[in-house]
Amino acid sequence: MKPSLVKGTRDFGPEQMRKRHFIFDTIRSTFRRFGFQPLETPSMENLTTLTGKYGDEGDQLLFKILNSGEFAATLTDADLQTAQQPGGSKKLIPQLAEKGLRYDLTVPFARYVVMNRNALALPFKRYQMQPVWRADRPQRGRYREFYQCDADVVGTDSLLCEAEIVLMIHEVFRNLGITDFTLKINNRKILAGIAEAIGVPGQEATLSVAIDKLDKIGQEKVLDELRERGFSDDALSQLEPLFASAPEGGILATLERLRQWLAASETAQAGLAELEQMLTLVQQYGLSGSALHVEIDPTLARGLSYYTGAIFEVKANNVSIGSVSGGGRYDNLTGAFGMPGLSGVGISFGVDRIYDVMDELNLFPEGAGQITRVLLVPFDEPARAVALPLLRTLREADVAAEMYPDLTKVKKMLDYANAKSIPFVVLIGSEEVQTGLLSLKNMITGEQQKLRAEDVLTTVSA
RNA sequence: GUGGUUGUAGCUCAGUCGGUUAGAGCGCCUGAUUGUGGUUCAGGAGGUCGCGGGUUCGAGCCCCGUCUUUCACCCCA
């Protein structure tokens, strides 16, 4: 049998894991600094928890888990006939599968909040870094198993939470070394307001799906699509300001222009006011000027299925990889689980795409992640007896150290050090055992010096 | 889910019109060097040409299926 991987999944070797840990560590430390607490939930959830939360397409992308035992025992002949009709298979799903793999981290979080509502101190801030699964067709930057790092806060409407998300995004990408990124912000209320302003109130979902593609397919094709979906020429002509190029003057000018265009819509004005307040908080915190990578994009739509206020999306510039982060405000996520009125806002970082971006732009720092700093190379049994106490001393001083396990040729052991990029090697042979002076070799410069064992530690930790 | 694309040594890739024993670079192993790596030199190992079927005297090359990769749509981290 020839071993192979499941489509859309990857192994992560040591080299990749060092880089991935760098990303995880960076994100985690930011979440912690902002006061978020860790949470983990099971890989699998009841399908009743997952279905209906992501729209019809989302349900298609859920990985279902076949029931254990005699999973087909309850099927009737009629069931089997139904299943053989085109598209009939999914009608049997409720009988065959009652569990599924998690599709994102937000819905399991909502379930957790509802189940623990009496124990949680609101507002509740949690972060979660776990894999999610989607039965999508894989592409570059799109996998069937990938990791998300989410931070959400529920139980408050405060715009400070939105502001903190903006701050966390900036901090994470700055600490990762991704300096060229754009944080696009919109507000669902602005989208609703646009629909109102052009005379198609309530149609913002259809509108959004189309205009979200603006930078991809262009203005004409967006208008074509909307026309096909029944938008009148009159309505479309009023959409004109949307396509105007961004005015000079940045964020404030964009806000002002939208305010004028959508003056007739109270909803839009509310959304614009939220946006402005949020940005004011960000500025008061001390993030402004060229350090601020925010762009207001009234065409940004994203997963409209549950966002109700602010919408965020981060794109790394000059790389052909989709968004590396996204999030927004949802007013009623826990409503589906019988707990209405609880508002939340969150952000999700896509580790795998961030990895792809950093790999392509060569942004991983040289020493990212822990690697062995010292290799002990004893030539014979007596040398081992000298090496072992030193091995312990190094490790107790938090210096990553290892001893070559076999007594073999020096060349082979030094090759090993090179292969693992170990910067220091301690050579111990009969001469070193007799004199007590060990040979410390710097593998980068090639220099070699004789040192007492206790001086090795200070030299390699410098 | 729809329509294209890709697959040859561990890696990156050549391989002519369908024609003898499928090649290169890098990497790997051995030795020059039994206590010193990266450089150099000499030698060596490594292939079900993704998999299965078909056409043909003959298939890495053509046809069908399948898996994988990747691109567009859809959607999204």
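Below, chain A is the first sequence line, B the second, and so on; all start at residue 1.
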**Request:** Is it possible for you to check whether A/R126 lies under 6.0 Å from the centre of the six-membered ring of A/F109, through NZ or CZ, and within 45° of that ring's axis?
**Result:** yes
**Message:** Base contacts versus sugar-phosphate-only contacts with protein, heavy atoms under 4.0 Å: please encode nucleotides 29-41 of chain B as B, S and - from 5' to 3'.
**Reply:** --S---BBBB---
**Asked** Base, sugar-phosphate alone, or nothing: which one does A/Y416 contact when heavy atoms must sit under 4.0 Å apart?
**Response** nothing
**Request:** Indicate whether OP1 or OP2 belonging to B/A72 is found under 4.0 Å from a side-chain N or O atom of A/Q139.
**Result:** yes
**Request:** Could you check how far CD of A/E57 sits from P of B/U2, rounded to whole Å?
**Result:** 15 Å
**Item:** All side chain to side chain donor-acceptor pair (under 3.5 Å) counterparts of A/S461, not counting sequence neighbours
**Value:** none
**Request:** Rounded to whole angstrom, note down the P distance from B/G1 over to B/G7.
**Result:** 24 Å
**Prompt:** Using atom C1' of each nucleotide, how far apart are B/G46 and B/U69 to the nearest Å?
**Reply:** 24 Å
**Item:** Separation of B/C75 C1' from A/E313 CD (nearest whole Å)
**Value:** 12 Å
**Item:** Footprint string (nucleotides 3-12 of chain B, 5' to 3'): B base within contact, S backbone only, - free, heavy atoms under 4.0 Å
**Value:** B---------
**Asked** Roughly how far apart, to the nearest Å, are B/U20 and B/C61 at atom P?
**Response** 14 Å
**Message:** Centre-to-centre under 6.0 Å for A/H170 and A/Y285, is that the case here?
**Reply:** no
**Prompt:** The side chain of A/K7 lies closest to which of these nucleotides: B/U69, B/C74, B/A77?
**Reply:** B/U69
**Request:** Measure from CD on A/E228 to C1' on B/C73 and round the result to the nearest Å.
**Result:** 14 Å
**Request:** Please state the P separation for the pair B/C28 and B/G10 - nearest whole angstrom.
**Result:** 15 Å
**Prompt:** How would you label the contact of A/G8 with the nucleic acid (heavy atoms, under 4.0 Å): base, sugar-phosphate, or nothing?
**Reply:** sugar-phosphate
**Request:** Would you classify A/R353 as touching base, sugar-phosphate or nothing, given that sugar-phosphate means primed atoms plus P, OP1 and OP2, and contacts are heavy atoms under 4.0 Å?
**Result:** base
**Request:** Can you tell me the distance, in whole Å, between the CZ atom of A/R140 and the C1' atom of B/C73?
**Result:** 19 Å
**Request:** Answer with base, sugar-phosphate or nothing: what part of the nucleic acid does A/K315 contact at a heavy-atom distance below 4.0 Å?
**Result:** nothing
**Request:** Mind checking side-chain contact (heavy atoms from CB on, under 4.5 Å) for A/T459 and listing every partner two or more places apart, or none if nothing turns up?
**Result:** A/L440, A/Q449, A/L451
**Asked** Would you call A/K420-A/E402 a salt bridge at under 4.0 Å N-O?
**Response** yes
**Asked** Can you check the A/D136 CG to B/C71 P distance for me, whole Å?
**Response** 13 Å
**Pairwise C1' distance for B/U6 and B/C67, with rounding to whole Å** = 12 Å
**Asked** Within this structure, what is the CG-to-P distance between A/L61 and B/C76, rounded to whole angstrom?
**Response** 9 Å
**Message:** Could you tell me how far B/C26 sits from B/G38 if I compare only their P atoms? Round to whole Å.
**Reply:** 15 Å
**Request:** Report yes if the ring of A/Y147 lies under 5.5 Å from the six-membered base ring of B/A77 with planes under 30°, and no otherwise.
**Result:** no
**Request:** Assess whether salt bridge (Lys or Arg N to Asp or Glu O under 4.0 Å) is satisfied between A/K189 and A/E274, documenting all intermediate values.
**Result:** CA-CA 9 Å; A/K189 290 170 187 164; A/E274 282 184 14; 2.3 Å; yes
**Asked** Would A/R20 count as a cation-pi partner of A/F12, with NZ or CZ less than 6.0 Å from the six-membered ring centre and within 45° of the ring normal?
**Response** yes
**Prompt:** Has A/R353 got its NZ or CZ under 6.0 Å from the middle of the six-membered ring of A/F146, at an angle within 45 degrees of the ring axis?
**Reply:** no
**Fill in**
From CZ of A/R134 across to C1' of B/G1 the rounded distance in Å is 17 Å
**Item:** With A/L61 via side-chain contact (heavy atoms from CB on, under 4.5 Å) - residues at least two apart
**Value:** A/Y103, A/D136
**Prompt:** Mind checking the P distance from B/U30 to B/A45? Whole angstroms is fine.
**Reply:** 15 Å
**Message:** What's the gap between B/G15 and B/G50 when it is taken at their P atoms, as a whole Å value?
**Reply:** 15 Å
**Prompt:** With sequence neighbours left out, what residues match A/L363 under side-chain contact (heavy atoms from CB on, under 4.5 Å)?
**Reply:** A/I178, A/M358, A/L361
**Item:** Spacing between A/R144 atom CZ and B/C67 atom P, to the nearest angstrom
**Value:** 11 Å
**Request:** Carefully, step by step, assess A/D415 and A/K412 under the rule salt bridge (Lys or Arg N to Asp or Glu O under 4.0 Å).
**Result:** CA-CA 5 Å; A/D415 280 342; A/K412 196 167 173 75; over 6 Å; no
